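We use all heavy atoms of the structure for the numbers below, so side chains are in, but hydrogens, waters and symmetry mates are not. Everything numeric here is computed off the predicted structure, so don't read it as measured data. FYI, the numbering just counts along the sequence from 1.
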Amino acid sequence: MYQSGQPSTDAVTLRSVTKFYGGNRARVVALDGISVSFARGSFTAVMGPSGSGKSTLLHCAAGLDQPDSGTVVLADQDLGRLDEAALTRMRRDHIGFIFQQFNLLPSLDVVDNVTLPLRLAGKRADPALVNRIIEQVGLGGRRGHRPGELSGGQQQRVAIARALVSRPHVTFADEPTGALDTTSASEILDLLRTAVRAERQTIVMVTHDPVAASYADRVLFLADGQFAGELHEPTVDEVARGLTALSSRASRLGRDGRNTVGTVR
Ligand SMILES: Nc1ncnc2c1ncn2[C@@H]1O[C@H](COP(=O)(O)OP(=O)(O)OP(=O)(O)O)[C@@H](O)[C@H]1O
């Protein structure tokens, strides 16, 4: 147990987190001593050039991957101190996941896909809550449909309902709109924003898309595995400019250079 006294106002905190891949001769520094917090009830987009460490950050923050040094505190627990069984329980009970490819079980209908994590945790799904969440994501008339009978946007709605039904401490979304058309994507982003504003959910979303990022309260930029600036309540243009600045520095400096720029404006 992480000894913090009062419960933290942050849902997740990374302190000096470092993650390497490969051996000595081909060592890649995916995260380079990054320290960042995600406040409860906030919607954060994580952006940066390809290879900047976004997915690695998400995986370390969600306990899917172990940092080589530093700490990750989630739900007031230091993930590095949990054994594999406790980590599995933490992911199952306190963390929601939304992936680009939905990751639904094709043989289960909407209700069974949504309630699967609760049932795996040995908990009874509250039918009123399940119904409310399925209505909220706009699938009230599709409860008995299987994923193959739903559009991509509808499948992602099922995945959102599945993530939110256990009232997670934090939900991590990895390119949640990457496989969707523009209209479906904006509906999904509206749903995520509503979950944060109306239900005080906490969402951390990796995206390459400045439009998607503009739905967030805060955009966090990474470059070379380091914090490279942030924007609050950003417009699409501000996000696009920040991303372009980082990407052009990255290509100017080349693979071996650093491209950390401080605050992106
Ligand atoms: N399993 C792995 N083995 C070796 N190197 C890895 C592994 N996973 C990631 N890396 C390297 O770590 C760095 C960060 O990767 P990561 O996937 O976190 O970046 P990203 O910002 O999410 O990239 P993208 O936007 O292209 O998905 C990259 O240089 C990548 O090649």
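Between the side chain of Arg218 and the main chain of Glu230, no donor-acceptor pair closer than 3.5 Å is present. Checking side-chain atoms of Ser52 against main-chain N and O of Gly225 turns up no donor-acceptor pair under 3.5 Å. Not a single donor-acceptor pair under 3.5 Å links the side chain of Ser247 to the backbone N or O of Thr244.
Between Leu105 and Asn113, the shortest heavy-atom contact is N-OD1, 2.9 Å. Taking each heavy atom of Phe97 and Leu64 in turn, the nearest pair found is CE2-CD1, 3.7 Å. Heavy-atom minimum distance, Leu231 versus Pro234: CB-CB, 3.9 Å.
Residues Arg193 and Glu233 are not paired through a salt bridge, judged by the lack of any N-O separation under 4.0 Å between the basic side chain and the carboxylate. Under a 4.0 Å N-O distance rule, the pair Arg197/Asp190 does not qualify as a salt bridge. A salt bridge is absent between Arg142 and Glu149: the closest approach of a Lys/Arg side-chain nitrogen to an acidic carboxylate oxygen does not fall below 4.0 angstrom.
Taken from CG in Leu191 to CD1 in Ile133, the straight-line distance is 11.5 Å, to the nearest 0.5 Å. Here CZ of Arg89 is found 11.0 Å from CD of Glu84. Values are rounded to the nearest 0.5 Å. In this structure, the separation between CD1 on Ile188 and OG1 on Thr183 is 12.0 Å, given to the nearest 0.5 Å. Expressed to the nearest 0.5 Å, how far CG of Leu129 lies from CG of Leu164 amounts to 10.0 Å.
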### Query
Please walk me through it: do Gln156 and Ile98 pass side chain to side chain contact (heavy atoms under 4.5 Å, CB included)?
CA-CA 8 Å; Gln156 194 61 303; Ile98 302 169; 3.6 Å; yes
#### Entry: Step-by-step side chain to side chain contact (heavy atoms under 4.5 Å, CB included) determination, Tyr21 to Asp65
CA-CA 11 Å; Tyr21 289 110; Asp65 213 343; 3.1 Å; yes
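Side chains of Asn131 and Arg143: a donor on one and an acceptor on the other come within 3.5 Å.
Annotation for Arg119: atom CZ counts as buried by contact number, over 12 foreign heavy atoms lying within 6.0 Å.
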